[in-house]
Amino acid sequence: MLWAAACHVEASMESRRAYPFDRIEPKWQRFWEDHAIFRASNPGEPGAEKPKYYVLDMFPYPSGRGLHVGHLEGYTASDIVARYKRMRGFNVLHPMGWDAFGLPAEQHAVATGIHPRITTERNIANFREQIAAMGFSYDWSREINTTDPRYYRWTQWIFLQLFCRGLAYVAEAPVWYCPALQTVLANEEILPSPAGPVSERGHYPVERRPLRQWMLRITAYAERLLADLDLVDWPESIKEMQRNWIGRSEGATVRFGIEGEEHTVEIFTTRPDTLFGATYLVLAPEHPLVGELTRPECRETTEAYLRDATRKSDLERTDLAREKTGVFIGAFAINPVNRERIPVWIADYVLSSYGTGAIMAVPAHDERDFEFASRFGLPVRTVVRPKDPADPPSECFSGDGVACASQFLDGLPTPEAKRAMIAWLEEKGLGKRTIHYRLRDWLFSRQRYWGEPFPIVWRNGEAQPVPESDLPVLLPERKEFFPEKGGFAPLSQERGWVELPDGGLRETNTMPQWAGSCWYYLRYLDPGDDRELVSREEERYWMGPQGVDLYIGGAEHAVLHLLYARFWHKFLFDIGVVSTPEPFHRLVNQGIILGEDGRKMSKSFGNIVNPEGLLRQYGADTVRLFEMFLGPLEQMKPWSSQGLEGPHRFLARVWRLAMEEDAEGRWVPRSGISTEGAPEEIRRLLHRTIRKVSEDLEQLSFHTAIAQMMILVNALTREPIPFRDVLESLIVLLSPFAPHLCEELWSVLGHAESLAYAPWPEADPRLLTEAETEWVIQVNGKVRSRMSAGVDLGQEEAEALARGRPEIEAWLEGKSIRKVIFVPGKLLNFVLDQKP
RNA sequence: GCCCACGUGGUGGAAUGGCAGACACACGGGACUUAAAAUCCCGUGGGAGGUAACUCCCGUGUGGGUUCGAGUCCCACCGUGGGCACCA
């Protein structure tokens with residue numbers, strides 16, 4: 001009795017499944033793993049004679065929460081491409097690894113006392129399991145982990161090369177410090193918020209502090225990082241963000257003498273042509289000459305202003321709505337072009353960190369200067385007039401125009417006037433053409449434990465590189481994870497590690513999380529190599545000719561990872577480690593998946609979708625298919641749990657094309673699958689589908705490819721019997737999307753080999769061209785009729801046929817035709833004379 | 001404020017300047033079933049007319065423009081999302 005009841009439950013559970021994905025998915029995952037189906041061939045191995053294709057995912061930080069549907073979207077897309085390219089005859093490199101250093105693991109350790117190594121390992125195991133359950137075709141023999149000493153040895157090695165070439169240095173500079181995270185952060189890791197700047201991770205408030213820190217000279221690569229954006233196939237928005245971040249501006253530095261002083265003040269301007277309009281000079285409050293130039297009679301007000309400025313938060317200083325403030329410091333500068341005496345002010349609208357920290361103010365042609373001059377009653381002198389004299393004259397004109405009241409520049413358009421002025425300044429030795437970048441050097445040290453140690457030892461106050469043969473510098477084990485108060489690095493407590501027998505002291509900062517991800521795509525090529533970061537042969541094969549062929553990941557890394565990695569890559573190119581100027585040729589950002597309520601998925605909204613439950617209910621193939629069917633890959637789109645039904649029903653239909661249930665309710669191969677050729681109509685539809693799916697896969701337009709396969713399956717379902725050849729082609733086309741189901745059906749149909757390398761079908765051109773087509777007949781651009789007729793009809797025959805149709809006759813009756821538009825094989829449009 | 005992307009049915013979305021709404025969800029109807037689920041078939045932008053097969057009008061954020069023809073191209077505006085923000 002009990003037994004029968006249990007059986008009944010079992011049976012009803014079974015019958016609720018539209019097809020037995022719970023049985024076939026683990027089966028094929030095990031098969032792929034046991035047979036190393038997705039191992040990519042290295043140069044020299046069989047398979048490497050094929051053209052290579054490198055399709056890369058942004059590797060995840062293995063958090064405690066596991067994978068979310070956003071990860072799965074990008075990974076599914078790249079997996080579909082990887083599987084497709086394999087079937088197209090490419091040797092595909094599709095690897096996965098773990099970006100496992102970083103703050104969350106360390107914060108967890110602080111909270112629980114569990115070593116980050118342990119939680120990291122646990123999280124990685126969990127991620128690996130979830131990824132395997134999705135049936136992604138990664139080559140697991142190439143798995144990497146940034147926290148593995150065999151990996152970070154090479155991260156340290158790259159740092160050493162940077163250090164030895166003067167591209168890594170220690171400097172004291174005002175840097176962002178986060179009290180909550182107890183570490184400094186890079187400019188790129190700071191976000192604006194209504195309450196002031198906050199950390200990207202955790203959104204904690206951050207503040208400026210002057211600290212001694214490691215910096216990487218990314219600015220030395222500014223020009224190449226900007227120019228080489230033209231070499232890559234990336235979304236324009238990401239390129240634009242990087243361009244803005246690098247912020248190139250071209251202009252001139254000009255030296256102003258100071259009346260009665262030895263000192264000169266250098267200013268940077270993008271408008272040297274307006275030099276005759278300069279009516280005062282402004283220094284940033286932090287400018288080094290402020291103290292010396294201030295006259296005794298102004299000392300008191302100046303110092304009060306400086307005190308005020310330092311007390312102000314960055315938020316207050318950058319608040320655009322605020323009125324500009326500043327004070328006159330009593331000094332006068334001499335304008336080099338006309339020897340005019342102009343006052344010197346300090347004001348916090350001038351930033352110490354950009355250009356030279358000083359500007360010439362031209363209120364007639366700069367909004368900010370104009371606002372300041374108006375407030376303090378400073379003179380405004382027009383030296384550029386608009387090109388078009390009809391334009392109403394305005395008090396402040398910042399556009400390009402024609403120089404006036406500027407002696408030797410008069411009459412020159414702005415671009416020429418700039419050139420003329422720069423030439424004049426250079427000739428007189430008063431200034432020179434200068435290019436400035438907004439990009440700053442990369443703040444590279446963190447006061448944290450869970451990161452790569454620097455391969456640096458301090459001796460007599462000097463930083464010395466650890467010899468390459470001593471790498472890796474191992475991260476010492478640790479029991480306590482509380483960071484020290486006051487910005488000291490946790491590693492400084494490890495005296496036995498820090499203090500060397502010869503009196504040297506190890507650097508106790510660690511590298512930022514971005515370090516490991518700057519070059520991981522290279523390590524996949526040659527993960528076990530302990531002599532080199534990557535061997536030349538592997539690098540040439542997999543990275544040639546343009547680097548990673550396809551890189552899929554989130555847009556949130558636009559100016560962080562993607563800029564840093566380009567910088568390191570260019571450096572590695574310069575020292576001969578890599579052979580391409582850019583690492584990632586084609587970049588695609590998957591759009592964010594929103595919660596079902598249309599809001600961003602977040603714990604606080606309670607709208608996070610957990611993939612585990614979906615996998616149990618629908619299986620991996622359905623989840624894969626649905627993630628792709630949601631909409632265009634790059635678009636932001638809301639999740640819909642109801643929507644899963646569509647792809648699920650579709651897969652079940654495909655299943656039932658080949659399978660049927662016997663009397664006991666077991667799935668058995670369907671009897672009566674026809675081995676005869678399918679009717680022509682079906683064959684035509686199949687070949688249109690082959691063409692559409694192939695084209696769409698090249699363009700990553702997965703949702704339209706799926707829609708086309710649905711059309712084919714709907715047609716096949718309506719046929720009384722299935723056709724073996726059509727079914728097999730369909731299974732091959734669908735296999736990149738739903739690999740488990742397709743492998744199972746492929747083997748049911750009698751194939752012994754895995755589908756993974758089955759050749760991709762070719763569309764037969766003869767079945768793509770139709771002899772007959774539906775013509776659209778318009779009158780005055782409105783569709784009034786359609787007719788089925790030959791595709792290659794000439795205009796006269798088509799026109800005659802169209803005119804013969806009664807509904808068209810009715811529309812044309814009594815009207816005179818002005819002209820007829822003829823689109824061969826498609827359309828006729830009768831354009832009538834307007835009614836009088 | 002500046003830069004970039006995007007606005008199409010109840011919903012997700014489709015559409016080399018040439019049939020707007022493919023495909024799917026949801027909804028409605030039917031077949032099968034004792035019944036339900038599942039499955040299969042049909043319908044589904046809005047409006048008007050017709051017993052009917054059907055016919056006509058309107059419709060892709062708003063307003064203009066180019067064109068024989070505009071969701072698609074151009075101009076202006078409105079809205080949404082993202083980025084930058086006193087960078088001289």
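None of the values given here were measured: they were computed from a predicted structure. Computation of the quantities below employed the complete heavy-atom set of this structure, encompassing side-chain atoms and omitting hydrogens, waters and symmetry-equivalent molecules. So that the names make sense, note that chain A is the first sequence line, chain B the second, and so on, each numbered from 1.
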With rounding to the closest Å, how many angstrom separate the C1' atoms on B:G12 and B:U16?
25 Å

Counting only distance, no hydrogens or angles, is the base of B:G18 paired donor-acceptor with the side chain of A:Gln778 under 3.5 Å?
yes

Can you tell me, in whole Å, how much space there is between the C1' of B:G63 and that of B:G79?
15 Å

For A:Glu627 and A:Lys637, run salt bridge (Lys or Arg N to Asp or Glu O under 4.0 Å): C-alpha distance rounded to whole Å, both residues' side-chain angles, the deciding distance at 0.1 Å, then the answer.
CA-CA 10 Å; A:Glu627 290 249 2; A:Lys637 42 207 178 279; over 6 Å; no

May I ask you to say what A:Thr269 touches in the nucleic acid, namely base, sugar-phosphate or nothing, with a heavy-atom cut-off under 4.0 Å?
sugar-phosphate

Using atom P in both nucleotides, what's the gap between B:C58 and B:A70 to the nearest angstrom?
12 Å

Distance below 4.0 Å between A:Arg653 side-chain N/O and B:C40 OP1 or OP2:
yes

Please list, by residue number, the residues of residues 714-721 of chain A whose heavy atoms come closer than 4.0 Å to an atom of RNA chain B; answer none if no residue qualifies.
A:Asn714, A:Arg718

Which is true for A:Glu807 with a 4.0 Å heavy-atom rule: it touches a base, it touches only sugar-phosphate, or it touches nothing?
nothing

When the distance from CH2 of A:Trp245 to C1' of B:C84 is rounded to whole Å, what number comes out?
9 Å

Let's see if you can work this out: which of B:C68, B:C41, B:A88 has an atom nearest to the side-chain heavy atoms of A:Asn829?
B:C68

For residues 693-700 of chain A, which side-chain donor-acceptor pairs fall under 3.5 Å, sequence neighbours excluded?
unit_1	atom_1	unit_2	atom_2	d
A:Ser694	OG	A:Ile690	O	2.6
A:Ser694	OG	A:Trp760	NE1	2.9
A:Asp696	OD1	A:Lys692	NZ	3.4
A:Asp696	OD2	A:Lys692	NZ	3.3
A:Asp696	OD2	A:Thr704	OG1	2.8
A:Asp696	OD2	A:Ala705	N	3.2
A:Glu698	OE2	A:Tyr84	OH	2.9

C1' atoms of B:G30 and B:C56, separation to the nearest Å
30 Å

Within a strict 4.5 Å, meaning less than it, do heavy atoms of the A:Leu630 and A:His703 side chains meet?
no

Which of B:U39, B:G18, B:A22 is nearest the side chain of A:Arg656? It is B:U39

B:G29 and B:U44: how far apart are their P atoms, nearest whole angstrom?
15 Å

Dump the pairs, protein N or O against N or O of nucleotides 11-15 of chain B, anything under 3.5 Å, distances to one decimal.
unit_1	atom_1	unit_2	atom_2	d
B:G12	O2'	A:Leu630	O	2.6
B:G13	OP1	A:Gln635	NE2	2.6
B:G13	O3'	A:His703	NE2	3.4
B:A14	OP1	A:His703	NE2	2.6

Under 3.5 Å side-chain donor-acceptor pair for A:Asn714 and A:Arg653
yes

Pick one for B:G30: is it syn, with its angle within 90° of 0, or anti?
anti

Tell me, which pairs form a ring-ring contact (aromatic ring centres under 6.0 Å, His included) where one or both residues lie in residues 351-374 of chain A, sequence neighbours left out?
A:Tyr280-A:Phe372, A:Trp345-A:Phe372, A:Tyr349-A:Phe372, A:Tyr354-A:His436, A:Phe372-A:Phe376

Result for 5'-nearest mapping on RNA chain B, choosing between A:Val776 and A:Pro647, is A:Val776

Under 4.0 Å between a side-chain N/O of A:Lys826 and OP1 or OP2 of B:G18, yes or no?
no

Does A:Glu772 have any salt bridge (charged side-chain N to carboxylate O under 4.0 Å, His left out) partners at least two apart in sequence or in another chain, and if so, which?
none

Of the options B:C84, B:G18, B:C68, whose atoms approach the side-chain atoms of A:Arg438 most closely?
B:C84

What's the CD-C1' distance between A:Glu634 and B:G82, to the nearest Å?
14 Å

What is the distance, rounded to the nearest whole Å, between atom CG of A:Asp273 and atom P of B:A88?
14 Å

Quote, to the nearest angstrom, the C1' distance that separates B:C25 from B:G9.
13 Å

Using the C1' atom on both, measure B:G71 against B:G59 and round to a whole Å.
11 Å

Tell me yes or no: between the side chains of A:Ser785 and A:Glu807, is some donor less than 3.5 Å from an acceptor?
yes

Nearest-neighbour nucleotide for the A:Lys782 side chain, B:A22, B:C58, B:U39 considered:
B:C58

Can you tell me the distance, in whole Å, between the CD atom of A:Glu774 and the P atom of B:G18?
16 Å

Short heteroatom pairs, N/O only, protein and nucleotides 3-6 of chain B, under 3.5 Å:
none

If you assign each of A:Gly643 and A:Trp811 to its closest nucleotide in RNA chain B, which residue comes earlier from the 5' end?
A:Gly643

For A:His687, what residues pass the ring pair (Phe, Tyr, Trp, His ring centres under 6.0 Å) criterion, not counting sequence neighbours?
none

Taking the side chain as everything from C-beta on, heavy atoms only, tell me whether A:Thr253 gets closer than 4.5 Å to A:Lys432.
yes

What pairs with A:Tyr618 under ring pair (Phe, Tyr, Trp, His ring centres under 6.0 Å), at least two apart in sequence or on another chain?
A:His648

Does A:Phe830 have any ring pair (Phe, Tyr, Trp, His ring centres under 6.0 Å) partners at least two apart in sequence or in another chain, and if so, which?
none

Tell me whether A:Glu236 at atom CD has more than 12 heavy atoms from other residues, nucleotides or ligands lying less than 6.0 Å away.
yes

Separation of B:A38 P from A:Tyr19 OH (nearest whole Å)
17 Å

Quick one: label A:Ile711 by what it contacts on the DNA or RNA (base, sugar-phosphate, nothing), any heavy atom closer than 4.0 Å.
sugar-phosphate

Rounded distance in Å - CZ (A:Phe702) to C1' (B:A22):
19 Å

Using a 4.0 Å heavy-atom cut-off across all strands, classify A:Arg784 as base, sugar-phosphate, or nothing.
sugar-phosphate

With no hydrogens and no angle check, is any side-chain donor or acceptor of A:Tyr305 less than 3.5 Å from a backbone partner on A:Ala347?
no

Set of salt bridge (charged side-chain N to carboxylate O under 4.0 Å, His left out) partners for A:Arg688, sequence neighbours left out:
A:Glu770

Output the rounded distance in Å from CE (A:Met241) to P (B:G82).
11 Å

I'd like to check the ring pair (Phe, Tyr, Trp, His ring centres under 6.0 Å) partners of A:Trp245; sequence neighbours left out, ordered by chain and number.
none

Can you tell me how far C1' in B:G61 sits from the matching atom in B:G81, rounded to whole Å?
15 Å

Provide, to the nearest angstrom, the distance between the CZ atom belonging to A:Phe370 and the C1' atom belonging to B:A88.
17 Å

Compare the minimum distances between each of B:C23, B:C58, B:A26 and the side chain of A:Gln642, then state the nucleotide with the smallest one.
B:A26

With pairs defined as Watson-Crick or G-U wobble and both distances under 3.5 angstrom, please note down RNA chain B as a dot-bracket string, | for pairing with another strand.
(((((((..(((.....[....))).(((((.......))))).(((((....)))))..(((((..]....))))))))))))....

